[in-house]
Amino acid sequence: MEASFGVSSAAAANAVNSPALSPPSLPFIRSEARPISWRVDKSRKAGKITTKAVAAQAENPASAASKPGHEVLLFEALREGLEEEMERDPRVCIFGEDVGHYGGSYKVSKGLADKYGDLRVLDTPIAENSFTGMAVGAAMTGLRPVVEGMNMGFLLLAFNQISDNCGMLHYTSGGQFTIPTVIRGPGGVGRQLGAEHSQRLESYFQSIPGIQMVACSTPYNAKGLMKAAIRSENPVVLFEHVLLYNLKERIPDEEYVVSLEEAEMVRPGEHVTILTYSRMRYHVMQAAKTLVNKGYDPEVIDIRSLKPFDLYTIGNSIKKTHKVLIVEECMRTGGIGASLTAAINENFNDYLDAPIVCLSSQDVPTPYAGTLEEWTVVQPGQIVTAVEQLCR
Amino acid sequence: MAQLIRRAAALNKSLPAASFAARGLATASTSPITVETSLPFTGHNIDPPSRSVETSPQELLTFFRDMALMRRMEIAADSLYKAKLIRGFCHLYDGQEAVCVGMEAAINRKDCIITAYRDHCIFLGRGGTLLEAFAELMGRKDGCSKGKGGSMHFYKKEGGFYGGHGIVGAQVPLGCGLAFAQKYSKDESVTFAMYGDGAANQGQLFEALNMAALWDLPAILVCENNHYGMGTAEWRAAKSPAYYKRGDYVPGLKVDGMDALAVKQACKFAKEHALKNGPIILEMDTYRYHGHSMSDPGSTYRTRDEISGVRQERDPIERIRKLVLAHDLATEKELKDTEKEVRKEVDEAIAQAKESPMPDPSELFSNVYAKGLGTEHKTGTLQITYNYLLLALKDLVAFFLVVFIRSRQKRSENCTSMSENINNDSTCQDPFVD
């Protein structure tokens with residue numbers, strides 16, 4: 001494979017800036033997914049709405065000082081999204097442990113209890129099963145609760161409520177009730193947090209019919225997804241990641257919402273499609289840096305929508321590159337990667353030149369020891385090797 | 001079980017002790033009558049309400065008719081199940097009608113009711129129609145949930161009925177959520193979250209109760225204690241079967257659940273309490289004649305004598321019938337006519353429900369998500385059939401191509417059939433041999 005750069009190395013380097021992300025200036029392929037969740041009620045003039053999935057700002061190093069927008073950390077972006085929605089709709093409320101007076105264990109709801117009161121930002125006792133159930137009951141009457149799991153893993157205790165009541169009530173009631181809840185919280189493998197606090201619940205929840213699942217990865221899409229999730233009539237599970245809360249990015253001042261069903265083109269390319277989400281996006285972009293230096297041109301897509309998959313964007317990419325690498329943090333067995341592999345094989349088998357390669361975490365409880373934990377998740381080196389093998 | 005009979009005998013003694021209001025016998029059908037409940041209420045951390053219940057002839061006759069209708073519906077459902085028109089799980093409420101009817105008399109449609117799977121009669125009480133009920137039971141599209149829910153998933157949004165839940169105990173946190181929403185919107189209404197003696201041992205119940213008490217939510221937890229959690233008697237499942245006391249700091253009231261007037265009094269009392277002071281537990285001492293569900297004969301864990309004993313001594317419809325006759329509100333014949341009417345109504349509804357068609361196949365994918373997001377399985381049956389057809393087509397085309405080519409070859413090379421040449425050393429070679 002000749003070293004053909006689909007994009008200039010400068011722009012590519014820009015795209016892999018970490019930790020401070022600068023929004024990519026490259027055009028991206030937008031999927032034609034039905035645009036529902038960002039359609040705003042025109043009667044509520046909430047300000048101009050930017051509907052592009054990625055902030056399209058001209059990258060001009062010279063005028064960095066006068067850049068539009070403001071810089072935020074990811075948790076602040078989530079908070080902004082929450083606050084804007086609570087301001088806009090009095091039915092939005094927050095349930096969770098330590099979300100009120102404490103401000104949220106990751107400061108996502110800091111200051112909101114002071115502004116909106118204890119009933120709208122409800123400090124619950126440690127009772128995930130029942131406060132998730134309460135949120136569903138409240139949603140049945142028309143409220144729009146945002147349930148926070150202090151760690152996603154704790155929501156396993158609420159599995160019945162999420163699966164049967166959140167997911168299925170709309171169907172079993174013949175459409176009489178909608179459950180517009182948002183269930184959010186940090187998950188994923190952190191820094192030596194131990195097995196029970198390093199869980200990836202997207203693999204357990206993905207079969208639940210009736211819920212949507214999205215994973216945010218940048219401050220821009222975190223705020224947009226939070227807002228879209230709150231506005232959606234469907235129950236949405238928003239997966240955040242423990243290690244991404246302090247990511248910094250410049251996001252627009254004006255109001256924007258991103259689509260819940262669209263994937264994000266992080267880096268267009270020609271040689272291989274790399275599908276990833278959440279924290280693994282950064283491992284992929286790190287690997288992309290190395291790959292570009294070695295002469296490869298990976299196309300990196302942050303799938304963002306874990307249920308349903310944005311097969312339109314993914315398909316277009318596969319039709320171009322004919323090779324797929326999936327990099328995920330779920331465990332190998334029954335993870336998002338496994339489902340995505342099946343979906344791609346079913347739908348785009350004819351376009352594949354090679355079998356899909358899926359890099360996942362090991363099928364083990366996450367160990368405490370730092371070195372062992374490192375080996376549980378996919379590292380950039382492994383991604384580089386996988387691409388080299390795929391593109392041979 | 002012996003306890004039940006003893007209690008029932010005590011009831012029988014006190015039934016005729018009904019006192020009349022000063023206005024005397026009812027000439028206008030809404031003039032008040034005061035009736036004493038069969039048993040006094042027992043309170044836990046609260047002063048129980050008085051045993052004297054204000055009612056009216058109209059109300060008593062309505063009680064009679066409604067309960068007769070519910071009883072008839074459940075018996076009809078039994079027959080339909082045995083005729084295999086209703087499948088899966090079917091949990092019948094006959095014997096417990098007084099709880100639902102008494103509750104409705106005390107509240108309005110802004111108040112919410114949520115219950116578990118024994119929900120057919122409560123659905124009727126909340127404004128559901130017989131047609132919707134039977135059609136749903138038979139899985140037809142005119143059912144209240146379009147045939148997609150079944151016996152355990154009856155809902156009536158306009159009537160304030162939030163279902164209809166299959167997982168034991170899971171509805172109680174939902175009920176507290178309804179109460180939370182009522183407090184949030186400040187609309188002066190309450191939620192009755194119903195559960196059974198079996199569900200009373202669920203942890204999420206206590207979690208929800210704690211939160212309801214913490215935030216003074218207008219939630220009334222109603223334990224319909226029919227003394228059996230499926231096949232397990234209450235004393236075998238609960239260390240303390242005094243369910244009205246299990247709220248600890250939350251007050252409780254024990255009510256004779258077979259007496260519709262006692263239920264009405266208790267629910268009125270509870271609603272006032274909940275609006276001012278937060279949650280309260282009501283334990284309704286009731287009984288189900290059928291087994292847990294249609295798959296349970298109901299006689300392996302209790303004696304037939306017990307069932308018939310309760311039916312004789314404590315049947316809720318009989319109690320109202322005796323009251324009506326004692327107060328001369330209607331004659332025996334009129335009551336029998338009402339029952340016949342009700343039976344006819346039920347039969348008509350069943351006939352209508354049987355006419356209702358099965359849901360359209362497209363209903364499989366509707367209501368999975370709220371409108372806007374479709375679920376079409378991309379490689380569904382249609383797609384697979386299409387793929388197979390394509391393959392078959394390819395085979396067909398290949399076959400005809402081969403035939404065509406061979407026939408061409410034969411003609412051009414002047415070959416005879418393959419079998420004639422098979423042993424000969426001929427100039428034309430069948431491309432498909434060797």
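Below, read A as the first sequence line, B as the second, and so on, with proteins coming before strands; counting in each chain starts at 1. Here the structure is a predicted model, which is why all the values come from computation and not from measurement. Values below: every heavy atom of this structure, side chains too, minus hydrogens, waters and symmetry copies.
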Exercise. Do you know which two heavy atoms are closest between A:Phe177 and B:Phe161, and how far apart they sit?
Worked result: CZ-O, 3.8 Å
For this session: Report the option among A:Ser173, A:Ala343, A:Gly175, A:Ala138 that has the most heavy-atom pairs separated by less than 4.5 Å from atoms of chain B.
Result: A:Ser173
Exercise. Is there side-chain contact between B:Asn210 and A:Pro125, with at least one heavy-atom pair below 4.5 Å?
Worked result: yes
For this session: Decide yes or no on side chain to side chain contact (heavy atoms under 4.5 Å, CB included) for A:Asn165 and B:Ile167, but give the supporting numbers first.
Result: CA-CA 10 Å; A:Asn165 293 333; B:Ile167 302 296; over 6 Å; no
For this session: Could you walk me through whether B:Glu207 and A:Glu128 pass the side chain to side chain contact (heavy atoms under 4.5 Å, CB included) test, one step at a time?
Result: CA-CA 9 Å; B:Glu207 290 177 18; A:Glu128 282 78 7; over 6 Å; no
Seminar exercise, completed: Of all heavy-atom pairs linking A:Gln161 and B:Ala170, the shortest is NE2-O, 3.3 Å
Exercise. Are side-chain heavy atoms of B:Trp215 and A:Asp118 found at a separation under 4.5 Å?
Worked result: no
Exercise. Does atom CG of A:Leu119 have more than 12 heavy-atom neighbours from other groups under 6.0 Å away?
Worked result: yes
Exercise. Considering only heavy atoms, which portion of B:Leu205 lies under 4.5 Å from any heavy atom of chain A: side chain, backbone, both, or neither?
Worked result: neither
Exercise. Just by distance, do the side chain of B:Gln204 and the backbone of A:Ser130 share a donor-acceptor pair under 3.5 Å?
Worked result: no
Exercise. What distance separates B:Lys156 NZ from A:Gln176 CD, expressed to the nearest 0.5 Å?
Worked result: 7.0 Å
Exercise. If every non-hydrogen atom of A:His170 is compared with every non-hydrogen atom of B:Asn367, which pair is closest and at what distance?
Worked result: CD2-O, 3.0 Å
Seminar exercise, completed: Applying a strict 4.5 Å limit to non-hydrogen atoms, the region of A:Phe95 in contact with chain B is side chain
Problem set entry | From A:Met140 atom CE to B:Leu178 atom CG, the distance as rounded to the nearest 0.5 Å | 6.5 Å
Exercise. Relative to chain A, which segment of B:Glu158 carries a heavy atom at a distance below 4.5 Å: side chain, backbone, both, or neither?
Worked result: side chain
For this session: Let me know if A:Ile211 has heavy atoms under 4.5 Å from chain B in its side chain, its backbone, both or neither.
Result: backbone
Exercise. Heavy-atom distance under 4.5 Å between the side chains of A:Met134 and B:Leu217, does that happen here?
Worked result: yes
Exercise. What do you reckon, is OH of A:Tyr351 surrounded by more than 12 foreign heavy atoms closer than 6.0 Å?
Worked result: no
For this session: Mark yes when over 12 heavy atoms from residues, nucleotides or ligands other than B:Phe206 sit less than 6.0 Å from its CZ; otherwise mark no.
Result: yes
For this session: Could you grab the distance from atom CG of A:Asp123 to atom CG of B:Leu214, nearest 0.5 Å is fine?
Result: 10.0 Å
Exercise. Hey, does the side chain of A:Tyr171 reach the backbone of B:Lys148 with a donor-acceptor pair shorter than 3.5 angstrom?
Worked result: no
Exercise. Checking heavy atoms, do the side chain of A:Leu122, its backbone, both or neither come under 4.5 Å from chain B?
Worked result: side chain
Problem set entry | Polar side-chain atom of B:Ser145 near backbone of A:Thr172 as donor-acceptor pair, under 3.5 Å | yes
For this session: Heavy-atom distances under 4.5 Å only: say whether A:Thr124 touches chain B with side chain, backbone, both or neither.
Result: both
Exercise. Got a donor-acceptor contact below 3.5 angstrom from the A:Glu233 side chain to the B:Tyr369 backbone?
Worked result: no
Exercise. Are A:Leu143 and B:Phe180 close enough, and set up right, to give a side chain to side chain contact (heavy atoms under 4.5 Å, CB included), and what steps lead you there?
Worked result: CA-CA 10 Å; A:Leu143 288 192; B:Phe180 175 85; 4.0 Å; yes
Exercise. Counting heavy-atom pairs under 4.5 Å to chain A, which of B:Gly177, B:Gly143, B:Ser185, B:Gly149 comes out on top?
Worked result: B:Gly177
For this session: Kindly determine whether B:Tyr184 and A:Thr141 satisfy side chain to side chain contact (heavy atoms under 4.5 Å, CB included), including the steps that lead there.
Result: CA-CA 11 Å; B:Tyr184 194 98; A:Thr141 66; over 6 Å; no
